[in-house]
Amino acid sequence: MHKAIIPLRSLVVAAALALTSISAMADYPERPLRVIVPFAAGGATDVIARTVAQAMSVRLGQSIVVENKAGANGNIGGAAAARSEPDGYTLLMATSSHAINASLYQKLSYSLTRDFAALSNLASVPLLLVVHPSVPVNSVSELAAYAKANAASVNYASGGVGTASHLSGEQFSTLAGAKITHVAYKGGAQALNDMIGGQVQIMFANLPEVLSLVQSGKLKALAVTGSTRHAALPDVPAFSETPYPGMNLRSWFGLFAPAGTPPAIVEKLAQTIVQSVADPAVQERLKGLGADPVGDDQATFQKYVNDEVARWAVLVKQSGATAE
């Protein structure tokens with residue numbers, strides 16, 4: 001039996017490459033990082049990304065540039081990030097919209113679960129069920145009864161087909177046994193404008209988007225998704241307190257690295273994010289937006305993302321929604 005003989009030169013080259021790789025990761029990062037935010041500047045996703053990126057920059061010793069690549073419900077930015085070099089210098093700020101897109105779009109050029117490594121969930125927010133003040137109800141049960149009795153004239157708004165607000169509205173309609181007409185807008189801002197004007201009566205919206213409108217009396221809050229009340233609106237019941245405890249969907253905002261990023265860099269980034277989210281100043285900023293800071297570890301977030309993709313797929317199928 002002959003043993004393969006590996007030339008000394010090959011061993012030296014392999015060792016040198018390994019040392020170079022280790023050195024590169026030890027020195028990482030050596031230049032500024034980029035975070036692709038696939039939504040417009042000024043929105044919740046953008047503000048959360050910038051808040052955490054600033055804290056990360058301090059800990060990594062490098063600046064972090066936030067680049068907004070909006071369009072196609074987050075898919076333009078998602079595809080751009082998936083095509084980036086897996087070197088730890090380009091990250092994606094993805095949201096629950098990307099988990100929905102996995103089943104909403106039949107022909108995506110990227111996969112959230114295959115083409116990315118989940119790093120950490122920065123924050124999550126519940127959805128708030130709001131109605132126009134003219135709607136004569138003060139509870140979820142009253143709204144369900146009102147919707148059944150006025151099926152021809154009651155409708156709910158969303159920021160677009162397949163969004164969390166749309167699917168939450170469909171879920172509530174099904175659970176309540178009411179046929180509530182869906183009115184899809186091109187973005188949450190347009191939907192909220194018509195909500196305030198009374199052209200539409202009902203909407204499920206991310207809590208930060210409507211918090212000030214509820215506090216000013218322009219909209220009336222009936223319940224918040226999930227099992228607990230929210231600190232920003234302690235008098236508003238959680239859906240767990242209503243006949244519809246299954247209404248527990250949340251929107252989340254997390255950072256991802258392209259698949260193939262060296263494990264040591266992935267680990268360093270994940271740890272840096274966890275430390276940054278735990279920063280008291282970051283916590284205060286996120287809570288001020290109406291968001292709940294998370295900052296979980298990589299394995300926990302990866303499992304959560306996988307579960308979310310499967311969970312939203314069920315709701316997309318039930319709703320019959322499609323973006324193509």
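Throughout, residue positions are numbered sequentially from 1 according to the sequence presented.
Gln275 and Gln271 form no side-chain donor-acceptor contact under 3.5 Å, judged by distance and modelled atom types alone. Asn121 and Asp296 are not linked by any side-chain donor-acceptor pair at a separation below 3.5 angstrom, with hydrogens and angles left out of the test. When only modelled atom types and interatomic distance are considered, Asn206 and Ser251 share a side-chain donor-acceptor pair under 3.5 Å.
If you chain together hydrophobic residues whose side chains sit under 4.5 Å apart, Leu33 and Val274 never meet in one group.
Across Gly162 and Leu167, no two heavy atoms sit closer than the pair O-CD1, 3.9 Å. Contact between His230 and Asp292 at its shortest, heavy atoms only, is NE2-OD1, 3.1 Å. Nearest heavy-atom pair, Ser153 versus Gln201, reported as atom, atom and distance to 0.1 Å: O-OE1, 3.4 Å.
In this structure a side-chain-to-backbone donor-acceptor pair under 3.5 Å is missing from Lys220 to Ser134. In this structure, Ser139 contributes its side chain and Glu142 its backbone to a donor-acceptor pair below 3.5 Å. In this structure, the side chain of His98 does not engage the main chain of Ala94 through any donor-acceptor pair within 3.5 Å. Side chain of Ser168 to backbone of Ser165: no donor-acceptor contact under 3.5 angstrom is found. Not a single donor-acceptor pair under 3.5 Å links the side chain of Thr225 to the backbone N or O of Asn248. Looking at Thr90, its side chain never comes within 3.5 Å of a backbone N or O of Ala81 through a donor-acceptor pair. A donor-acceptor pair under 3.5 Å links the side-chain atoms of Thr242 to the main chain of Phe239, judged by distance alone. Gln298 places no side-chain N or O within donor-acceptor distance of the main-chain N or O of Leu119, the cut-off being under 3.5 Å. Proximity of a side-chain donor or acceptor of Ser120 to a complementary backbone N or O of Leu122 within less than 3.5 Å is not detected. Between the Asp297 side chain and the Ala299 main chain, a donor and an acceptor come within less than 3.5 Å of each other.
Other residues, nucleotides and ligands contribute over 12 non-hydrogen atoms within 6.0 Å of the CD atom of Gln190.
Using cut-offs of 30° and 60° on the angle between ring planes, the pair His182 and Tyr156 is parallel.
To the nearest 0.5 angstrom, Arg50 atom CZ is 5.0 Å from Asn68 atom CG. For the atom pair CG of Leu104 and OG of Ser319, the computed distance is 8.0 Å after rounding to the nearest 0.5 Å.
Cation-pi geometry between Arg83 and Tyr110 is not met at under 6.0 angstrom from the ring centre and within 45 degrees of the axis.
Between Asp279 and Arg59 there is a salt bridge, since at least one side-chain N of the basic residue sits less than 4.0 Å from a carboxylate O of the acidic one.
Taking the centre of each ring, Phe253 and Phe39 stay at or above the 6.0 Å mark.
Between Ile100 and Thr163 there is no side-chain heavy-atom pair separated by less than 4.5 Å. Between Ile202 and Val135 the shortest side-chain heavy-atom distance does not fall below 4.5 Å. Two residues are said to be in side-chain contact when any heavy atoms from C-beta on lie closer than 4.5 Å; Arg285 and Lys287 fail this criterion.
Here Leu219 sits in one hydrophobic cluster together with Leu128, Val130, Val183, Tyr185, Leu192, Met195, Ile196, Val200, Met203, Leu207, Val210, Leu211, Leu213, Val214, Val224, Leu233, Val236; the rule is ILVMFWY side chains under 4.5 Å apart, joined directly or through other members.
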